[in-house]
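Every chain is numbered from 1, with letters handed out A, B, ... down the list of sequences.
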Amino acid sequence: MPQPSLIADASGQKRFPVQDYNLTATLTSGQAFRWQCRDGAWEGVIGTRWVRLDSGLDSILAATAEPVENWDWLSDYLQIDVDLAPILAAFPRDDAMRSAVDKCRGLRLLRQDPWECLASFILSSTKQIVQIRQIVELLCERFGERVISLPDRAHAYAFPTAERLAQCDEAELRACKMGFRAPYLKAAANMIACQEVALEKLRELPAGQARDALISIPGVGRKIADCVLLFAYGFQSAFPVDVWVTKALRELYFRRRRIKLKRLQQFSATYFGPFSGYAQQYLFHYMRLHQRSAHNS
DNA sequence: CTCCAGGCGCCTT
DNA sequence: AAGGCGCATGGA
């Protein structure tokens, strides 16, 4: 005889009322790499908690494997309390941004753990998002701590700590398919583990100083630093310029002309307004959606 | 098969 | 300062 009450008792549940929150766009827009869709819901690990997110019409239903008293970790991660309207209203009113907002309405920026974000984006260079996901998953399975998930699920793991990854030798990391990025990740793990760069302190710095500190880490340049500034610390002026955004800016604003990276950075720093990070994420996701639909048609 | 991917570090001019 | 190149690995 089924006993659903047992499951209900053993798991935490909470419903978050939301407006204009596109959970799928948010979790598949290349900010975070561990979310998996199952039966129309999104399952993943935040810190040391497994969680399932079910998106309703005007709410998100969260279910954990263990009881939860304080849900701040989740509302903070999802940025539930952010009012999207003034952000969208601050975007430039050009055709490109209008199309992006139209196609990606409800896309949000997450607030992720700095170490997981940093490590993940060190692994991201010249990799497709599907491959980044695969590498991160291997890393977590092999070096992350087990976390409790639902009984019928595959084992779930936390993202490995910097301390743990610092103990790995390069061959163990390379075995997770990360290739030439292995020495960068190991060096970064060392620097974080020994507090040569104190990730928690970067929150209090001006964006420029935080960026410089991140760029001092091997394998971290301007683009990856901007990703961490934006996706982990919420510096909304950060504007990561990758190949997709370069393509978008050239096609939409520079009549397809060859433009130097420095020029694109200067343009984006002024043109997109106070929430340029959000604008960037809309452009990025829009370009990828557009590419995918063009290819499938 | 070739081309390219949420780049970076290093070596040339 | 600015430009070119190699780097592992696998998807398209």
Asks: For the side chain of A:Gln131, starting at C-beta, report the closest nucleotide among C:dG10, C:dA8, B:dG6.
Replies: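 Nucleotide nearest to A:Gln131's side chain: C:dG10.
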Asks: Name the nucleic acid region contacted by A:Ser29, choosing base, sugar-phosphate or nothing; use a 4.0 angstrom heavy-atom cut-off, strictly under.
Replies: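 Base, at least one base heavy atom under 4.0 Å.
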Asks: In whole angstroms, how far is the P atom of B:dG7 from the CD atom of A:Gln128?
Replies: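 After rounding, the reported distance stands at 10 Å.
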Asks: Can you check the A:Ile132 CD1 to B:dA5 C1' distance for me, whole Å?
Replies: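 Whole-Å distance recorded here is 8 Å.
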Asks: NA contact type, A:Arg181, heavy-atom cut-off 4.0 Å: base, sugar-phosphate, or nothing?
Replies: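 Result for A:Arg181 = base.
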Asks: What I want to find out is whether A:Glu43 reaches A:Arg153 closely enough, with some N-O distance under 4.0 Å, to be called a salt bridge.
Replies: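 Salt bridge present between A:Glu43 and A:Arg153.
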Asks: Within the structure shown, what part of the strands sits under 4.0 Å from A:Gly30 by heavy-atom distance: base, sugar-phosphate, or nothing?
Replies: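 Counting heavy atoms under 4.0 Å across all strands, the contact made by A:Gly30 includes a base.
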Asks: For a quick test of reading the model: is some side-chain N or O of A:Lys127 closer than 4.0 Å to OP1 or OP2 of B:dG7?
Replies: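 Answer is no, no contact under 4.0 Å.
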Asks: Does the structure show A:Phe284 stacking with B:dG6, if we require the centres to be closer than 5.5 Å and the planes to be within less than 30 degrees of parallel?
Replies: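 Yes; centroid distance and tilt both under limits.
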Asks: In whole Å, measure the gap between the P atoms of B:dG6 and C:dA2 for me.
Replies: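 Taking atom P in both B:dG6 and C:dA2, they lie 27 Å apart.
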Asks: Looking at A:Asp242 and A:Arg288, does any basic side-chain N land under 4.0 Å from a carboxylate oxygen?
Replies: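 A:Arg288 and A:Asp242: not salt-bridged.
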Asks: Could you walk me through whether A:Arg98 and A:Asp95 pass the salt bridge (charged side-chain N to carboxylate O under 4.0 Å, His left out) check?
Replies: CA-CA 5 Å; A:Arg98 264 196 284 269; A:Asp95 289 344; 3.6 Å; yes
Asks: Please answer whether the main-chain N or O of A:Ser125 pairs with a side-chain N or O of A:Arg181 as donor and acceptor at a distance below 3.5 Å.
Replies: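 Between the backbone of A:Ser125 and the side chain of A:Arg181 there is a qualifying donor-acceptor contact (under 3.5 Å).
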Asks: Show your reasoning for whether salt bridge (charged side-chain N to carboxylate O under 4.0 Å, His left out) applies to A:Glu200 and A:Arg203.
Replies: CA-CA 6 Å; A:Glu200 282 310 315; A:Arg203 290 184 196 286; 2.9 Å; yes
Asks: In whole Å, what separates the P atom of B:dC11 from that of C:dA8?
Replies: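 Looking at atom P only, B:dC11 and C:dA8 are 15 Å apart.
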Asks: Where each residue is assigned the nucleotide of DNA chain B containing its nearest heavy atom, which of A:Gln280 and A:Tyr184 is assigned the position nearer the 5′ end?
Replies: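 Closest to the 5' end, via its nearest nucleotide, is A:Gln280.
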Asks: Are A:Val18 and A:Leu84 co-members of a hydrophobic cluster defined by side-chain heavy atoms under 4.5 Å apart?
Replies: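 Not linked; separate clusters.
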Asks: Tell me what A:Val220 touches on the nucleic acid: a base, only sugar-phosphate, or nothing, going by heavy atoms under 4.0 Å.
Replies: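 Since only primed, P, OP1 and OP2 atoms lie under 4.0 Å of A:Val220, the category is sugar-phosphate.
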Asks: Check A:Leu110, A:Asp72, A:Asp113 against A:Tyr77 for a side chain to side chain contact (heavy atoms under 4.5 Å, CB included) and give me the one that passes.
Replies: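 Only one option passes, and that is A:Leu110.
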Asks: For A:Thr126, which contact category applies under a 4.0 Å heavy-atom criterion: base, sugar-phosphate, or nothing?
Replies: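 Base contact.
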Asks: Map every base of DNA chain B to its dot-bracket character, where paired means a Watson-Crick or G-U wobble contact with both distances under 3.5 Å and | marks a partner outside the strand.
Replies: .||||.|||||||
Asks: Looking for any heavy atom pair under 4.0 Å, which part of the strands does A:Lys223 touch: base, sugar-phosphate only, or nothing?
Replies: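 Counting heavy atoms under 4.0 Å across all strands, the contact made by A:Lys223 includes a base.
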Asks: Regarding A:Phe33, tell me which of base, sugar-phosphate or nothing describes its non-hydrogen contacts under 4.0 Å with the strands shown.
Replies: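 Contact class for A:Phe33: none.
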